[in-house]
Engineer: 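Submitted below is the structure of interest, expressed as structure tokens.
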Amino acid sequence: MTASDARFPKDAPVRGPRALIFETGSPESRCVEAPVLDVPEISLDEALAGGVRTQPPALPHVTEVEIARHYHHLATMNFGVDSGPYPLGSCTMKYNPRLNEDVCRLEGFAGLHPYQPLETIQGGLGLMVGLADTLAEITGLPGVTLQPAAGAHGEFTAMMMFRAYHTAMGDPRKRVVIPDAAHGTNPASVHMAGYEVTTIASDANGAVDLEALKAALDTDVAALMLTNPNTLGLFDPNIVAITEAVHAVGALAYCDGANMNAIMGKTRPGDMGFDAMHINLHKTFSTPHGGGGPGAGPVCVTAALAPFLPGPLPVRLDDGTYGLGWTDRSIGRVRSSFGNFGVFVRAYAYVLALGGDGLRAASEQAVLSANYMKEKLKGTYPLPYDRPCMHEFVLSGSRLRKEHGVHTLDVAKRLLDYGIHPPTIYFPLIVDESIMFEPTETESLEDIDRMIEVMLTIAAEAASDPDLLHGAPYSTPVRRLDEARAVKQPDLRWRPSSAE
Amino acid sequence: MRFSPVSCEHRETMLRAVGVTDIDELFESVPAAVRLGRPLDLPDGLSEMEAVSSLRALADANTPAARLVSFAGAGCYDHYIPSIVDHVVRRPEFFTAYTPYQPEVSQGTLQNIYEFQTMICELTGMDVANASMYDGATAFVEAALMASRITRRHKVVVMGSAHPEWRVVLRTYAASGNIEVVTCPVEDGVVSPATAALLVDDSTAALLVSSPNFVGHLEDLAALGEVAQAAGALFVVSVNPILSGVLEPPSSFGADIVVGEGQPLGNPMSLGGPGLGFFACRQAHLRQLPGRIVGRTVDVDGRGAFVLTMQTREQHIRREKATSNICSNHALNALAAAVYLSAVGAAGLESVGRACVAKAHYLREALLATGKFDAPYSAAFANEFALRYKGDPAVMHAEMVRRGFLAGVDLGAIDPGMDGLVLFAVTEKRTRAEMDSLAKEVASL
Ligand SMILES: Cc1ncc(COP(=O)(O)O)c(C=O)c1O
């Protein structure tokens, strides 16, 4: 369909871009009106010692119906888990149960103020203790802070705890070792924590190269940061040897827990020898991604590291009530209040609904679904590391590029025309033209089969008509964007003057 | 409950296609020594109805501020949230989407962020804003780190009147060695620009100030801005955005970076999270901005459209050289904030601000008239003020909860240095009758 297609009248409803909310409505339009002031007016100038605003901010002026239609239109230009298959690798786009959304809005949760007397938030504290205990059991790591707001924030939190731990041992250290397959937040978090990054290459099986690791390890190394299952979707079979080698030089082992959805109830990072890890509640525990957040990145640690946890920590007291405590060598705080409590409520609802067996079953199905897809696709798209995978797998688009000049980006864009959200692409960096599929346990066999069929169709299209793919997508609200222009001529905000 | 739509029959089909008879064969790369080999020690799953009752029981074990007549603030506020806000936020196209990596099917999220960025620029008077941070505290810290990168200086001077939790977060981050924190002492509930000037020198990356400050007072931003500028340090100001309709924006005082906690804009208190951090700066510093930024461009058909941009600052490209490690942010809370600001508009935001200021001043007089409090400070304030209670604030609080009031925040519980002080915040939701009865009840203690 093109803009001039006669079948689609100009301004046909809802498909394409929409005017900004600032360009909607008329100057006198209002949505909510303020109630009548029931105390005496006071002079703002006097009250605020002169610092009174003279030029009002240029905010939208719209009625409620205009707001409803504006955001309805924006919503229809979005694609979420409810819109269709969303096999975005590393992101665990599982279905977000509506139960979660309802309970987090109960007034007894959403209406809590962080500085209420503790006697009035016993249920909230109890929920946090219950969630922390659950995560400790699932990870095999007994010390838990729920405070970090996301995975990256959890990584940073743990690195600061490692720093405090080594310092307390009288043995401060300089570097953190990270495999080249790691997510970008890993080196970024390590840097923020004041450590240098040492990158090591993966071995021919896509796992940690034990020799390279040992060569990188010395008494300057504070930690290894490893994703296991790793970002190729593979469980590292040498995991015990790896954590032992790390401990042998007095360093600590950190697990990026982004891939926890593969292993709940099957194996525990604490038992593998990891000293700390984060969990993304917005992945494994079904809380929604919200178009980019909020998530939550609780950190679980060994008993030896627990004294360094940020505070305050919700705790169960001897008399059965709940309170707050600080550990004696706490690193402090990594954000305000207790963390993203609204996300904890959702995650706890999920845990209660599934129970221990349900969590294990979810991981098993996630792994089976990924293996099923992998087997059906690997004949057409090269699979660089051909082993049973965990909950995700990484294909390469290199053959399509070599034979037809079609890139992974083109495949991803073509998937949009078939109503499927693309997998993660160009990550991990160690696979050429990488395509990372994570179907999760909440895609049905019908939808998985359809994804497979579409991927095969797209490979055939690449052979017969590569330009079809180069031009994709065709059916989306907008088509490919000029990203270079966005950088060269930055237009990062609307300005009132551009209204005229 | 189970949320997987895969039937037993389909599971068998999949197992056959993969060529295994048992799912455990797929876990063979997990060494036997670390297989769990037992069920997780967690309760059995519940039906939806049972799960709801369990959670409702926990919710009912709380006495939420929202059900009391609440005067609690200190960074988290009980403002009115228009009905339309949650109806938009509950659209699954918004809340079930990921970060907008595929712009062709994410224009809703992207356009909203562009509009949100614009609104934050309008509130703060700054040139550019990002897509959100985790909260006000982390935005404050990221501002300090950004200032250090820009100035290539190590020391940041934070006003001791800023939120104590935020200052703890700043100190926690500074243990990395990437910055050094010096705290400017507080005198009579505000900082003195002359004292600040003694601490700010040519090794100072930033002067960080919060106005209103933690106890509600307005700081002398004009003078503090001059102190920063004279030393070549960046001027970082944190504001409460709900007051942006009545207070002069920090840009008027030479702010280089403006941050804050956005919860008051359309987000429930939710025990302090999730809210959102906002982050704005001058155009000159755009390339050092942390976090996601959305820009407007065109598609191949020439239609205006939005996309994540300036990504060479970010972790997925720059890795350890990125401006921040932030990846997921608080996009859905930013959506709530944008819908809120659309619903109230500039006039509504000004009314909310006026109401908060007028009511806070009314309540302060009413409480002082009870004879139960002293006024420790005389500085100008907006929506929040601290008084010294003549008895034990904890006892007073407990009794007032029994009577249906959340009588402010007991500051001694947060910072022993503020023992005896109670911080009262007044939002537009509080009526004169409620304030009169608070005063009456306190008087009768
Ligand atoms: C492997 C991995 N590590 C870390 C992260 C960062 O998590 P967050 O976005 O919650 O900060 C991600 C998220 O995409 C990830 O996939």
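Proteins come first, then strands; the chains are lettered A, B, ... in the order of their sequence lines, and each starts at number 1.
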Engineer: Let's go through Gln102(B) and Lys413(A) carefully: what are the C-alpha distance in whole Å and the side-chain angles of both, what is the deciding distance for side chain to side chain contact (heavy atoms under 4.5 Å, CB included) to 0.1 Å, and is it a yes or a no?
Structural biologist: CA-CA 8 Å; Gln102(B) 298 290 339; Lys413(A) 297 303 180 197; 2.7 Å; yes

Engineer: What part of Leu221(B) is in contact with chain A, defined as an atom under 4.5 angstrom from a non-hydrogen atom: side chain, backbone, both or neither?
Structural biologist: neither

Engineer: Under a 4.5 Å heavy-atom cut-off, does chain A meet the side chain of His87(B), its backbone, both or neither?
Structural biologist: neither

Engineer: Should Leu44(A) and Arg354(B) be marked as a side chain to side chain contact (heavy atoms under 4.5 Å, CB included) after you check the CA-CA gap, both sets of side-chain angles, and the distance that decides it?
Structural biologist: CA-CA 8 Å; Leu44(A) 279 187; Arg354(B) 277 182 179 278; 3.7 Å; yes

Engineer: So which atom in Leu36(B) and which in Gly265(A) form the shortest heavy-atom distance, rounded to 0.1 Å?
Structural biologist: CD2-O, 3.7 Å

Engineer: Tell me which one of Thr76(A), Asn78(A), Leu74(A), Asp82(A) satisfies side-chain contact (heavy atoms from CB on, under 4.5 Å) with Arg91(B).
Structural biologist: Thr76(A)

Engineer: Rounded to the nearest 0.5 Å, how far does CG of Asn62(B) lie from CZ of Phe109(A)?
Structural biologist: 6.5 Å

Engineer: How about Tyr134(B) and His153(A): are their ring centroids closer than 6.0 Å?
Structural biologist: yes

Engineer: Against chain B, label Met93(A) side chain, backbone, both or neither, depending on which of its atoms sit under 4.5 Å from a heavy atom there.
Structural biologist: side chain

Engineer: Is any NZ, NE, NH1 or NH2 atom of the basic residue among Arg90(B) and Glu101(A) found under 4.0 Å from an Asp or Glu carboxylate oxygen of the other?
Structural biologist: no

Engineer: Below 4.5 Å from any heavy atom of chain A, which atoms of Val339(B) appear? Answer side chain, backbone, both or neither.
Structural biologist: both

Engineer: Between Arg479(A) and Glu104(B), is the closest basic N to carboxylate O distance under 4.0 Å?
Structural biologist: no

Engineer: Can we say Asp86(B) and Arg105(A) salt-bridge, meaning some charged N sits less than 4.0 Å from an Asp/Glu carboxylate O?
Structural biologist: yes

Engineer: At a 4.5 Å cut-off on heavy atoms, which part of Leu26(B) comes close to chain A: side chain, backbone, both, or neither?
Structural biologist: both

Engineer: How many angstroms lie between atom CD of Glu93(B) and atom CE of Met77(A), to the nearest 0.5 angstrom?
Structural biologist: 11.5 Å

Engineer: Chain A heavy atoms under 4.5 Å from Leu123(B): which part of the residue, side chain, backbone, both or neither?
Structural biologist: both

Engineer: With a 4.5 Å cut-off on side-chain heavy atoms, are Arg53(A) and Ser244(B) touching?
Structural biologist: yes

Engineer: To the closest 0.5 Å, what do you measure between NZ (Lys94(A)) and OG1 (Thr96(B))?
Structural biologist: 14.5 Å

Engineer: After noting the C-alpha distance and the side-chain angles of Trp166(B) and Arg333(A), does the key distance pass the side chain to side chain contact (heavy atoms under 4.5 Å, CB included) rule?
Structural biologist: CA-CA 9 Å; Trp166(B) 295 22; Arg333(A) 278 183 165 278; over 6 Å; no

Engineer: Identify which part of Thr138(B) has an atom lying under 4.5 Å from any heavy atom of chain A, answering side chain, backbone, both or neither.
Structural biologist: side chain

Engineer: Charged N to carboxylate O below 4.0 Å: is that the case for Asp38(A) and Arg432(B)?
Structural biologist: no

Engineer: Side chain from CB out, backbone as N, CA, C, O: work out which of these in Phe94(B) comes under 4.5 Å of a heavy atom of chain A, or both, or neither.
Structural biologist: both

Engineer: Please report the closest heavy-atom contact between Gly304(B) and Pro17(A), naming both atoms and the distance.
Structural biologist: O-CG, 3.2 Å

Engineer: Quick one: what part of Ile317(B) sits under 4.5 Å from any heavy atom of chain A, side chain, backbone, both or neither?
Structural biologist: neither

Engineer: Which bit of Leu55(B) comes within less than 4.5 Å of chain A, counting heavy atoms only: side chain, backbone, both or neither?
Structural biologist: both

Engineer: Which bit of Ser132(B) is near chain A, if near means a heavy-atom gap under 4.5 Å: side chain, backbone, both or neither?
Structural biologist: neither

Engineer: Under a 4.0 Å threshold between the charged nitrogen and the carboxylate oxygen, would Arg11(B) count as salt-bridged to Glu364(A)?
Structural biologist: no

Engineer: Roughly how far, to the nearest 0.5 Å, is CE of Met14(B) from NZ of Lys376(A)?
Structural biologist: 9.5 Å

Engineer: Mind checking whether Phe27(B) and Phe235(A) have ring centres under 6.0 Å apart?
Structural biologist: no

Engineer: Relative to chain A, which segment of Val168(B) carries a heavy atom at a distance below 4.5 Å: side chain, backbone, both, or neither?
Structural biologist: both

Engineer: How long is the gap from NE2 on His289(A) to OG on Ser328(B), to the nearest 0.5 Å?
Structural biologist: 6.5 Å

Engineer: With a 4.5 angstrom heavy-atom cut-off, is it the side chain or the backbone of Arg56(B) that approaches chain A, or both, or neither?
Structural biologist: both

Engineer: What I want to find out is whether Arg2(B) reaches Asp357(A) closely enough, with some N-O distance under 4.0 Å, to be called a salt bridge.
Structural biologist: no

Engineer: Just so I understand: if I count every heavy-atom pair under 4.5 Å between each of Pro5(B), Ala137(B), Ala61(B), Ala66(B) and chain A, which residue has the most?
Structural biologist: Pro5(B)

Engineer: Of all of Gln122(A), Met160(A), Met272(A), Glu375(A), which one pairs up most often with chain B through heavy atoms under 4.5 Å apart?
Structural biologist: Met160(A)

Engineer: Measuring heavy-atom distances to chain A, does His10(B) have an atom under 4.5 Å in its side chain, in its backbone, in both, or in neither?
Structural biologist: both

Engineer: Would you say Ser336(A) and Asp135(B) are linked by a side-chain donor-acceptor pair, where the criterion is simply a distance under 3.5 Å?
Structural biologist: yes

Engineer: Identify which part of Tyr71(A) has an atom lying under 4.5 Å from any heavy atom of chain B, answering side chain, backbone, both or neither.
Structural biologist: both

Engineer: Taking side chain as everything from C-beta outward and backbone as N, CA, C, O, which of these in Val298(B) sits under 4.5 Å from a heavy atom of chain A? Side chain, backbone, both or neither.
Structural biologist: both

Engineer: Under 4.5 Å from any heavy atom of chain B, what part of Pro310(A) do you find: side chain, backbone, both or neither?
Structural biologist: neither

Engineer: Rounded to the nearest 0.5 Å, how far does CD1 of Ile21(A) lie from OG of Ser342(B)?
Structural biologist: 3.5 Å

